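Owing to the predicted nature of the structure, the values given are computational and were not obtained by experimental measurement.
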Amino acid sequence: MLRGSGHCGTVWAICTVLLAGCSAVPSANPRAQKYNSSAEARRRPAGDGSLQKLAEAHAHYAAGVVEEVDEQPEAALKQYFQAALKDSENESLVLDVSRRFLQNQPPQQALELLSRAAARPNASGAIFAHLGFVYSQLGKFDQALAASRTAIKKAPGLLAGYQNLFVSFLQNKQPQEALKALDDAARQSKADGEFLIGLAELYVNLGMQTPSLRKETNAKALAVLTRAEKSNPINPAMRLKLAEDYGIAGDSAKAAQLYRELLKNTPDLPGLRERVRARLADIYLRGSDQKRAAEELEGIIAEDPTNAQAYYSLGVLALDGERFENAAEFLGKTILLSPDHYPAYYDLVRAQLALKKTSDALATLQNARQKFPRNFALEYLSGVAFGQQKAFAEAIQHYTAAEVIAEATHPEWLDQHFYFDLGAAYERKGDYAQAEKSFEKCLQLAPEFAAALNYLGYMWAEHGWHLARAREMIEKALKLEPKNAAYLDSLAWVLYKSEQPKEALDYAVKAVELSAEPDATLYDHLGDIYAALSQTDEAREAWQKSLTVESDDQVRKKLKALPR
């Protein structure tokens, strides 16, 4: 698909691609063509010097080929230019040389060649189409329109004339006139599949550049593509283009159908099949059909076991699906096949951290540190990894480095999750003042972030600080997640610290009941609350359960202190 952010750059790309792909225009490779001067001579009367001119043209062309073989492109262009001047009736030559100048030089010399060729009474539509393109690039709006309309009159089945009008109107900021030019092209009843597919791309491009027209242009693009499909283009490359354009125009279901047909009907074209599978996987991913996307990616790997990108996409899918073992396997293969694929390193670290393989994660990060410049992901994930190892001082160093990098490059990366992780590291290190600052930043960014509300509230409650605010925060978190066992325990604990054990008891009991697995801290807190209520047997039972989950000398001391 042709894309662009501005009119001029985009329309140049449109013209270049479409003119280069026009079936009426010969290849730009001189050695792929035969400059047939003898054939030209037989068509021309003798005695007017034409034979001499043809001989000179042939000599210049041959000299150009030699210069090109010797890698002297500027000298080659000069020779080709002289050849076209000497033989301006040879349209194939004129088109070839003018295209070379459009690709390598300002368009003035192409204009000279095309103007000479267009002056001939029997000049073709292709000559005028190229001439219109050159005029548009020189900003000569009226001349561009005139040449393009002549091209359409002479060759109505040639898309280049219509697309030149389209480009000229876009350059002149007249999108409605550009749309009319495309609609005129769509009225060509005998247009072939290639013409229609190119026209559909122009409709889509107009919608991209003029969002107010997008709905209309996409609908027209789909209608044109339907016509192209009915022309039954049997060329696999053309059917692939048809499928791609259906997807771009918004009909993903039709695109997927065509891709599947291509897979079924092109068993002997592995390169094409890989591209088709990649497109299908993209459609399925955008439609959140991860199962079918994975099937296509696995098909790519079956046909090309060295396809690093397919392994990477499978790894990301597994990571999103929390299949961390699979993710680590696929991402490890990505790095093995493509050692410079830097996102794979960081996604692999995420999988390794989820698997609690912290040493592996740190090794992967060290490899990335040696290969790539220092960056946010590297420092942030290093912080997470050291935090997992309970090396909180090192974790904070890396989080701080990540913060500095993000502030200078992408401040939006410093979101509530970043400051939550930083706050947790400070709290685990025992730097409660910095922890409080980080959690406050987190809650400024996301006031409804339940985990941060609970963490800060619990930290204050644990130390007997700001108990009223702590209770308020924990209650807010619990309102957001009423069945969260940790939040219920936090509320019980802040009430206990506020000398309200009777009010705390129900929350503590409920926390134990809702916990997915036995939790030593929950039982410990429940024992403390029972003890404060002088319910000795219940306290003893709770503390004993805590010790069965996790050994703790402080809990043992409390058990021993209970009266018998």
Side-chain angles (χ1 to χ4, degrees), residues 319-320 322 346-347 349-350 353-354 356 358 361 365 375-495 497-498 507 511 519 521:
L319 196 59
D320 290 344
E322 297 186 355
Y346 307 121
D347 287 324
V349 169
R350 291 185 176 95
L353 290 173
K356 304 300 181 185
T358 314
L365 287 165
N375 60 74
F376 175 83
L378 178 65
E379 297 300 335
Y380 173 72
L381 290 171
S382 295
V384 175
F386 279 111
Q388 208 172 77
Q389 282 196 335
K390 299 184 179 180
F392 299 113
E394 290 87 343
I396 290 167
Q397 288 178 3
H398 289 289
Y399 283 136
T400 302
E403 185 177 23
V404 170
I405 292 169
E407 284 174 344
T409 57
H410 294 277
E412 68 276 10
W413 290 347
L414 299 175
D415 61 5
Q416 65 269 30
H417 303 288
F418 174 84
Y419 285 109
F420 179 87
D421 290 343
L422 180 58
Y426 274 123
E427 188 273 336
R428 298 294 299 278
K429 181 175 177 286
D431 190 339
Y432 303 115
Q434 288 298 324
E436 183 175 318
K437 288 180 182 178
S438 295
F439 286 126
E440 294 281 15
K441 277 187 180 180
C442 172
L443 291 169
Q444 285 173 9
L445 293 167
E448 304 294 307
F449 191 3
L453 289 165
N454 175 72
Y455 203 128
L456 180 56
Y458 181 79
M459 184 184 81
W460 281 341
E462 180 72 4
H463 297 279
W465 303 329
H466 316 301
L467 292 178
R469 282 192 65 200
R471 178 176 177 176
E472 181 182 321
M473 284 188 169
I474 295 167
E475 286 178 337
K476 187 175 180 180
L478 196 55
K479 187 176 180 180
L480 293 166
E481 297 182 31
K483 294 185 178 181
N484 189 303
Y487 301 173
L488 287 163
D489 174 70
S490 295
L491 183 55
W493 198 237
V494 74
L495 289 168
K497 288 283 190 171
S498 301
Y507 292 109
D519 187 295
T521 300

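Atom CG of Leu381 sits about 12.0 Å away from atom CZ of Phe386, to the nearest 0.5 Å.
Applying the side-chain hydrogen bond (donor to acceptor under 3.5 Å, both in side chains) rule to Tyr380 yields the partners Asp421; only residues at least two apart in sequence or on another chain are considered. Legend: residues meeting side-chain hydrogen bond (donor to acceptor under 3.5 Å, both in side chains) with His466, ordered by chain and number and at least two apart, are absent. Asp519 is linked by a side-chain hydrogen bond (donor to acceptor under 3.5 Å, both in side chains) to nothing, counting only residues two or more places apart in sequence or in another chain. Under the rule for a side-chain contact (heavy atoms from CB on, under 4.5 Å), the partners of Ala446 that lie at least two apart in sequence or sit in another chain are Gln416, Phe449. Scanning for salt bridge (charged side-chain N to carboxylate O under 4.0 Å, His left out) contacts around Glu475 gives Arg471, with sequence neighbours left out. Every residue meeting the side-chain contact (heavy atoms from CB on, under 4.5 Å) condition with Glu379, not counting sequence neighbours, appears here in chain and number order: Arg369, Arg374, His398, Ala401, Ala402, Ile405. Considering only residues two or more places apart in sequence or on other chains, Ser438 meets the side-chain hydrogen bond (donor to acceptor under 3.5 Å, both in side chains) condition with none of them.
With a 6.0 Å radius and a threshold of 12 heavy atoms from other residues, nucleotides or ligands, Tyr399 has its OH atom above the threshold.
Taking the side chain as every heavy atom from C-beta outward, Leu467 and Trp460 never approach each other to under 4.5 Å. With a 4.5 Å cut-off on side-chain heavy atoms, Thr409 and Phe376 do not count as touching.
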Review item, side-chain donor-acceptor pairs of residues 483-494, under 3.5 Å, at least two apart:
{"residue": "Asn484", "atom": "OD1", "partner": "Ala486", "partner atom": "N", "Å": "3.0"}
{"residue": "Asn484", "atom": "OD1", "partner": "Tyr487", "partner atom": "N", "Å": "3.2"}
{"residue": "Asn484", "atom": "ND2", "partner": "Glu481", "partner atom": "OE1", "Å": "3.0"}
{"residue": "Tyr487", "atom": "OH", "partner": "Ala451", "partner atom": "N", "Å": "3.3"}
{"residue": "Asp489", "atom": "OD1", "partner": "His525", "partner atom": "ND1", "Å": "2.9"}
{"residue": "Asp489", "atom": "OD2", "partner": "His525", "partner atom": "ND1", "Å": "3.1"}
{"residue": "Ser490", "atom": "OG", "partner": "Asn454", "partner atom": "OD1", "Å": "2.6"}
{"residue": "Ser490", "atom": "OG", "partner": "Ala486", "partner atom": "O", "Å": "3.1"}
{"residue": "Trp493", "atom": "NE1", "partner": "Glu462", "partner atom": "OE1", "Å": "2.8"}

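In this structure, Ala395 and Gly383 approach most closely via the heavy-atom pair CB-O, 3.3 Å. Residues Gly423 and Ala435 come closest through the heavy atom pair O-CB, 3.5 Å. Contact detail for Ala470 and Ala461: the closest heavy-atom pair is CB-N, 4.3 Å.
Residue pairs meeting the ring pair (Phe, Tyr, Trp, His ring centres under 6.0 Å) criterion with at least one partner in residues 427-446, sequence neighbours excluded, are Phe420-Phe439, Tyr432-His463, Tyr432-Trp465, Phe439-Tyr455. Sorted by first and then second residue, the salt bridge (Lys or Arg N to Asp or Glu O under 4.0 Å) pairs involving residues 423-440 (not counting sequence neighbours) are Glu440-Arg469. Applying the salt bridge (Lys or Arg N to Asp or Glu O under 4.0 Å) rule to pairs touching residues 398-418 yields Glu403-Lys441, sequence neighbours excluded. Note on residues 443-460: pairs passing salt bridge (Lys or Arg N to Asp or Glu O under 4.0 Å), not counting sequence neighbours, are Glu448-Lys476.
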*Given Asn375 and Tyr346, is the side-chain contact (heavy atoms from CB on, under 4.5 Å) satisfied, shown in steps?*
CA-CA 11 Å; Asn375 60 74; Tyr346 307 121; 2.9 Å; yes
*Determine, stepwise, if the pair Leu453 / Ile474 fulfils side-chain contact (heavy atoms from CB on, under 4.5 Å).*
CA-CA 6 Å; Leu453 289 165; Ile474 295 167; over 6 Å; no
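In this structure, a donor-acceptor pair under 3.5 Å is absent between the side chains of Thr358 and Gln389.
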